[in-house]
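Notes follow the structure.
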Amino acid sequence: MTETFDIAVIGSGFAGSLMAMVARRSGYSVALIEKDKHPRVVIGESSTPLSNLLLEELADTYNLPMLRPLTKWGSWQEAYPTISCGLKRGFSFFHHDLDSPSTAEVSIDRQLLVAASPHDAIADTHWYRSDVDHFLVEQVQSIGVTYLDEFVVRECLRAEGLWSLTGHKASSPLSIHASFLIDASGPRGFLHRTLQLDELPLPDYPATSSLYCHFKGVDNFAESNKAAFTSTPFPVDDAAVHHIFEGGWMWVLRFNNGWTSAGISATRERAEHLQLSRGESAWHKVLDKLPLVKQQFRNARPKTKFTFIPGLSFRSRSMTGDGWAMLPGTAGFVDPLLSTGFPLSLLGIKRLALALNNGTAVTRLTEQLGAYAGSTNTELLATASLIRGLYANMGNFSMFRNLSLLYFAAASFSETARRLGKPELADSFLLSNDPVFAPECKRLLQIARKDLNASQRCEIEKSIYQLVQQYDVAGLCKRPEDHCYPVLADDLYNSAHKLQATSDEIDQLLYRSGFMTR
């Protein structure tokens, strides 16, 4: 086979498949290239209210109605009950001391629960990627994208405005041509290796490592702490669960097929101390230091190999070039903390689609790709700054809680602004282009990384709340004693002025989103 396409997308994970669908609906001929074969098990990921909204926008803009049900737990269960996912009502955080393991129940001063939805029907989801990615690849083919799996590219050359990709599909020789390449193959992926691009460090970001696996037979964490979770805004296990300890954290994402994605991310120093490179034996040693979590995993059985990633964070020096571009998840990666991967990828897909559609002339396309790369880099740096500040305070959970409100304030403000039809109020992830929020957030995070005395910690906490207050549309400044934040309509009504909105506009948003029913 030798065929020429307008666009070739490399990598058929969820981002690559979505990009291929959007490009096809934009009128381009598209090839989606995959070196492996679906279904395949990869690390689980979580959606957020903002990422669900961005997926809705893509579905509506590019006539992809099959994507719409994936944006809410309720519609997903109704439309696609055989595609596994997990119910995510929000974020759960629990603090532990690895050096002094305790079997005592989690006290309220060692927890943080932030709800993302008022009820299950419009809740977020954990994506069981084996099922979801396979489904998306099927949809890709149904709208006319040429899908080439088990295609191992051995040679990639560009001449006279065309890329030539030559290799083997299974055992047969294969060659295709494309005018434009989009790399969705992940960090240190295809183009980074093929073009021998430089890696650029994230400023002041610590080296981190990760160990993860998929399990069956994982129990509920709440079963080990029944008395502690009697009045939470959502069941604590129906969430992206984060177990925080100095120098690192563990995630637990439960799916409705009985599988659970769990793993550890930690600074290089902590990872070496925990010997994460040893895989399963290290996992059990970490559980020994987390007795309450160990109880949850007492019946767990690993269903995949333990995967160790020695260098987790990544940034490519070049993210676009002559006839090519990387999606954000390929251009850089920070950490799984706070589920930032989905919104970064979806914003990138939207921007890259606009660049390609607006860039009919070569000079115009070059300009558009430059802007795309700039936005991708800016948002990656903002994410790294936030996560760096959180890592620095994983041993100080009070400060960790306060700093996390910067994320929740920016994310909820952005989602609400877009749902009101006012994306200009929040046109960047983590408000990284906002003239007030961005520089002050960066300043506060830099200070919070330092070794502060009690007086300085009090002052920085005050400054954090002053900044959050200006963007808070979710009641984040209430400071509840139990550190639990439900989703309440009154918080939106009381914050309407921050969004230049009326009560009627908030009414319409709440009914339109499924928050309330008439």
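We count residues from 1, following the sequence as given.
- With a 4.5 Å cut-off on side-chain heavy atoms, Leu32 and Ser17 count as touching.
- For residues 11-35, the pairs satisfying ring pair (Phe, Tyr, Trp, His ring centres under 6.0 Å) are Phe14-Trp127, Phe14-Phe342, with sequence neighbours left out.
- Note that CD of Glu155 and OG1 of Thr194 are 10.5 Å apart. Values are rounded to the nearest 0.5 Å.
- The SG atom of Cys85 sits 4.5 Å away from atom CH2 of Trp76, with the distance rounded to the nearest 0.5 Å.
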Exercise for the section: Decide yes or no on ring-ring contact (aromatic ring centres under 6.0 Å, His included) for Phe437 and Phe413, but give the supporting numbers first. Expected result: CA-CA 11 Å; Phe437 187 89; Phe413 183 90; 8.7 Å; no

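- For the residue pair Tyr80 and Asp131, no side-chain donor N or O sits within less than 3.5 Å of a side-chain acceptor on the partner.
- Taking CG of Leu338 as the start and OH of Tyr407 as the end, the distance is 6.0 Å to the nearest 0.5 Å.
- Within the 3.5 Å criterion, the main-chain N or O of Ala239 finds no donor-acceptor partner in the side chain of Arg254.
- Taking all atoms of both residues into account, the shortest heavy-atom contact from Phe151 to Leu165 is CZ-O, 3.9 Å.
- A cation-pi arrangement is absent between Lys305 and Phe308, since the terminal nitrogen or guanidinium carbon is not both under 6.0 Å from the aromatic centre and inside a 45° cone about the axis.
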Practice task
Determine, stepwise, if the pair Lys169 / Asp149 fulfils salt bridge (Lys or Arg N to Asp or Glu O under 4.0 Å).
Solution key: CA-CA 7 Å; Lys169 176 174 165 52; Asp149 64 357; 2.7 Å; yes

Practice task
May I have the step-by-step check of salt bridge (Lys or Arg N to Asp or Glu O under 4.0 Å) for Glu199 and Arg317, ending in yes or no?
Solution key: CA-CA 5 Å; Glu199 189 169 334; Arg317 181 180 295 274; over 6 Å; no

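- For the pair Glu150 and Lys35, the salt-bridge criterion is not met [side-chain N within less than 4.0 Å of a carboxylate O].
- Between the side chain of Lys216 and the backbone N or O of Lys303 there is no donor-acceptor pair closer than 3.5 Å.
- The line from OG1 of Thr71 to CG of Leu54 is 11.0 Å long, rounded to the nearest 0.5 Å.
- Minimum heavy-atom separation, Leu425 to Ala417: CB-CB, 4.0 Å.
- Side-chain contact between Leu18 and Leu64 is absent, with no heavy-atom pair separated by less than 4.5 Å.
- With a 4.5 Å cut-off on side-chain heavy atoms, Met326 and Leu197 count as touching.
- Taken to the nearest 0.5 Å, the CG atom of Leu87 stands 4.5 Å off from the CG atom of Asp120.
- Closest approach of Gly13 and Arg129 over heavy atoms only: CA-NH2, 3.8 Å.
- Between Leu390 and Asp335, every side-chain heavy-atom pair lies at or beyond the 4.5 Å cut-off.
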Exercise for the section: Evaluate side chain to side chain donor-acceptor pair (under 3.5 Å) for Ser179 paired with Asp6, printing each intermediate quantity in order. Expected result: CA-CA 5 Å; Ser179 299; Asp6 297 323; 4.9 Å; no

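- In this structure a side-chain-to-backbone donor-acceptor pair under 3.5 Å is present from Ser209 to Pro310.
- Using modelled atom types and a 3.5 Å distance limit, the side chains of His126 and Ser261 yield no donor-acceptor pair.
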Practice task
Determine, stepwise, if the pair Lys350 / Thr61 fulfils side chain to side chain donor-acceptor pair (under 3.5 Å).
Solution key: CA-CA 10 Å; Lys350 288 172 67 71; Thr61 302; 5.1 Å; no

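- Looking at Ser432, its side chain never comes within 3.5 Å of a backbone N or O of Ala382 through a donor-acceptor pair.
- Using bins of under 30°, 30° to 60° and over 60° for the plane-to-plane angle, the ring pair Trp249/Trp251 lands in the tilted bin.
- Considering SG of Cys441 and CG of Leu386, their distance stands at 6.5 Å, rounded to 0.5 Å.
- Using a 4.0 Å cut-off between a side-chain N of Lys or Arg and a carboxylate O of Asp or Glu, Lys72 and Glu78 do not qualify as a salt bridge.
- Of all the heavy atoms in Gly16 and Val9, the pair that sits closest is O-CG1, 3.6 Å.
- Between the side chain of Ser210 and the backbone N or O of Ile309, no donor-acceptor pair lies under 3.5 Å.
- For the pair Ser26/Leu356, no side-chain contact is recorded, criterion being any heavy-atom separation below 4.5 Å from C-beta on.
- Between Phe215 and Trp283, a ring centre-to-centre spacing shorter than 6.0 Å is recorded.
- Applying the salt bridge (charged side-chain N to carboxylate O under 4.0 Å, His left out) rule to Asp204 yields the partners Arg449; only residues at least two apart in sequence or on another chain are considered.
- Ser385 places no side-chain N or O within donor-acceptor distance of the main-chain N or O of Leu381, the cut-off being under 3.5 Å.
- Checking side-chain atoms of Ser142 against main-chain N and O of Gln139 turns up a donor-acceptor pair under 3.5 Å.
- Contacts of Tyr147 classified as ring pair (Phe, Tyr, Trp, His ring centres under 6.0 Å), with partners at least two apart in sequence or in another chain: none.
- With His243 contributing its side chain and Val241 its backbone, the two residues share no donor-acceptor pair below 3.5 Å.
- Proximity of Lys422 to Leu499: side-chain heavy atoms (C-beta onward) are nowhere separated by under 4.5 Å.
- Side-chain polar atoms of Asn256 and Gln77 form a donor-acceptor pair below 3.5 angstrom.
- Side-chain atoms of Asn377 never come within 3.5 Å of backbone atoms of Ala373 as a donor-acceptor pair (strictly under, hydrogens ignored).
- In terms of modelled atom types and a separation under 3.5 Å, the side chain of Arg418 and the main chain of Pro423 share no donor-acceptor contact.
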